Amino acid sequence: MSLNYDNTTYVILDIVFYFGYSVYTVGMHRDMEDNYNIPFEKLALDCNIINPQNSKAVIESILALSGKYPNEKLILIYNYFFEHSNNYDVLMFLLKKIDKYKDKSSITILIDSLLMKEKMSQRIHDSDNITRIRVNIAKTLANTKNSQAVYPLLYCLNNKDENYKVKLSCADALGKIGDRYAVLPLMNIVEDESEQSIYVKESAVSALGMIGDEKAVDSLVSIIESKKGFIDKFTFLKERALEALNKLKFRGDRVFNALKKSLNDESPQIRINAIEVLMNSNDSRAVSLIKNMLFDINYEVVKNAVTALYNLFDEDILEEIINNPDMTDKAKTAALNLKEYIKNNGEENNDE
């Protein structure tokens, strides 16, 4: 399955989204005025929402409404104001209010503002501010946990011309929403060699880990198996892939072999991450691999191997390490330090 769209598709989707959401929101506001008896236009004028000279005064006017309207009406007012304000500070303030309520009535308005970048540019003329607003819209949508936002977030994420900061926030939002419909499109992002931003790929990998669908395993393992070097930015992508695998809790021979190879990676952090995944794998072959890491040249790697073995067994393994004449000084020191930490602080935080 692929969600790699060409420019024509983007134009069609823009038209569909624009007219679909515009018609819907106009009808929605009419219904709200009829059903809730809220004078939206008058309130907008009274609060000077459209063309504010002083954003602080506008925000104070909005805050004053909380004593006049119940919460179910306030959120509808905030939604209306958000659609009509052209002031950056006011919009960011309203986003915080909308995020606080997480009401389903806000979803369409947030999606409309996220997708209609050109429409937003007619209201906010600073491109950096537009980006900040759209990034925060994606975060707000994530907090709603509403699946209605999944397709619009994927649309932004797959748009080659989209700002990378917006794409990062959309990937993170998809992970937090956790809808499995997003898994294959996120896998496409991970596997897409034309995607220039390694940070976008990292965010997509992290999102896959948050969603927790085993369909993502092959894509994640492919990243781990990559032979790109330690100083390459790709190292950080491998780290995210290992973290995602750890969350997925899905194992098999291919995963095990990839983890085994990762224990020889040039990056100490990748070796540490691989130890953690092996510790949680419930694979009987993992113990011997972790024990081998007690002889690693990097102390942090050794320390994490000692901690992993303690978590798998008990304090007896620490005594075994300390009293083993063939054990390295690094491993003995790590075992002694962990034993002392447990004695002074208890077991609840031993993995730290």
Side-chain angles (χ1 to χ4, degrees), residues 17 21 24-25 28-29 32 36 38 40 43-44 47-50 52 55-117 119-121 123-124 126 128-157 162-179 182 203 206-207 210-211:
F17 277 124
Y21 282 115
Y24 179 84
T25 52
M28 182 178 65
H29 289 315
M32 286 192 296
Y36 290 93
I38 302 173
F40 290 111
L43 288 174
C47 294
N48 203 16
I49 290 294
I50 309 300
S55 58
K56 184 177 179 181
V58 174
I59 291 171
E60 288 176 354
S61 297
I62 296 172
L63 285 170
L65 295 175
S66 61
K68 301 176 181 178
Y69 290 92
N71 289 344
E72 62 269 20
K73 290 189 177 183
L74 273 178
I75 186 58
L76 300 179
I77 294 169
Y78 296 150
N79 291 341
Y80 183 87
F81 285 1
F82 186 81
E83 280 192 292
H84 292 83
S85 175
N86 57 13
N87 180 276
Y88 170 77
D89 292 328
V90 173
L91 285 169
M92 292 297 281
F93 169 79
L94 288 167
L95 262 181
K96 290 180 181 178
K97 289 294 184 182
I98 290 171
D99 189 37
K100 174 185 174 182
Y101 287 96
K102 299 176 179 60
D103 191 84
K104 63 181 181 180
S105 67
S106 305
I107 302 296
T108 301
I109 289 148
L110 292 170
I111 290 173
D112 185 44
S113 297
L114 176 67
L115 293 172
M116 300 297 111
K117 182 179 177 181
K119 188 176 175 182
M120 178 69 73
S121 67
R123 298 157 57 193
I124 306 296
D126 185 289
D128 289 338
N129 282 345
I130 292 173
T131 297
R132 292 188 191 99
I133 291 169
R134 296 176 72 228
V135 163
N136 279 277
I137 287 172
K139 291 178 180 179
T140 303
L141 285 169
N143 291 336
T144 67
K145 305 289 186 183
N146 192 303
S147 295
Q148 188 180 344
V150 169
Y151 191 82
L153 290 166
L154 284 171
Y155 171 79
C156 292
L157 185 59
E162 183 59 85
N163 181 283
Y164 83 95
K165 291 181 180 178
V166 174
K167 295 176 81 166
L168 291 179
S169 62
C170 287
D172 185 63
L174 288 165
K176 289 179 178 176
I177 291 171
D179 193 303
S203 295
S206 296
M210 284 188 275
I211 295 172

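None of the values given here were measured: they were computed from a predicted structure.
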Q.
Between T108 and Q148, does the side chain to side chain contact (heavy atoms under 4.5 Å, CB included) criterion hold? Intermediate values first, please.
A. CA-CA 8 Å; T108 301; Q148 188 180 344; 3.6 Å; yes
Under 3.5 Å, which donor-acceptor pairs do the side chains of residues 62-69 form with other protein atoms, sequence neighbours left out?
{"unit_1": "S66", "atom_1": "OG", "unit_2": "L63", "atom_2": "O", "d": "2.7"}

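The two residues C156 and R134 make their nearest non-hydrogen contact at SG-NH2, 4.1 Å. Minimum interatomic distance between D112 and K119 (heavy atoms only, all atoms of both residues): OD2-NZ, 3.3 Å. Scanning all heavy atoms of the two residues, the minimum distance from I130 to I124 falls at CD1-O, 3.0 Å. Across every non-hydrogen atom of L157 and A171, the tightest pair is CD1-CB, 4.0 Å. Minimum interatomic distance between V90 and I49 (heavy atoms only, all atoms of both residues): CG1-CD1, 4.5 Å. D179 approaches S147 most closely through the heavy-atom pair OD2-OG, 2.8 Å.
Every residue two or more places apart in sequence or in another chain that forms a salt bridge (Lys or Arg N to Asp or Glu O under 4.0 Å) with K176 is listed here: D172. Residues that satisfy the side-chain contact (heavy atoms from CB on, under 4.5 Å) test with T131, not counting sequence neighbours, are V135, N163, K165, V166. Residues satisfying the side-chain contact (heavy atoms from CB on, under 4.5 Å) test with D126, not counting sequence neighbours, are D128, N129. Applying the side-chain contact (heavy atoms from CB on, under 4.5 Å) criterion to D99, with sequence neighbours excluded, gives K102, T140, N143. With sequence neighbours left out, A138 forms a side-chain contact (heavy atoms from CB on, under 4.5 Å) with L153, S169, C170.
Here CZ of F82 is found 5.5 Å from CD1 of I98. Values are rounded to the nearest 0.5 Å. Taken from CG in N86 to CG in L91, the straight-line distance is 8.0 Å, to the nearest 0.5 Å. Note that OG of S55 is 10.0 Å distant from CD of E60, once rounded to the nearest 0.5 Å. Between K100 atom NZ and L94 atom CG the span is 13.0 Å, to the nearest 0.5 Å. I77 contributes atom CD1, which lies 10.5 Å from atom CD of E72 (distance to the nearest 0.5 angstrom). One distance of note links CZ of F81 with OG of S61; it measures 9.0 Å at 0.5 Å rounding.
In this structure the side chain of R132 reaches within 4.5 angstrom of the side chain of Y88, judged on heavy atoms. Contact annotation: the side chain of I111 never approaches that of Y151 to less than 4.5 Å [non-hydrogen atoms, C-beta and beyond].
Exactly one of N146, T144, N79 qualifies for a side-chain hydrogen bond (donor to acceptor under 3.5 Å, both in side chains) with S106. That residue is N79.
Side-chain contact check for S105 and D103: at least one donor-acceptor pair (N or O, by modelled atom type) lies under 3.5 Å.
Classified by interplanar angle (parallel below 30°, tilted 30° to 60°, perpendicular above 60°), the ring pair Y101/Y78 is tilted.
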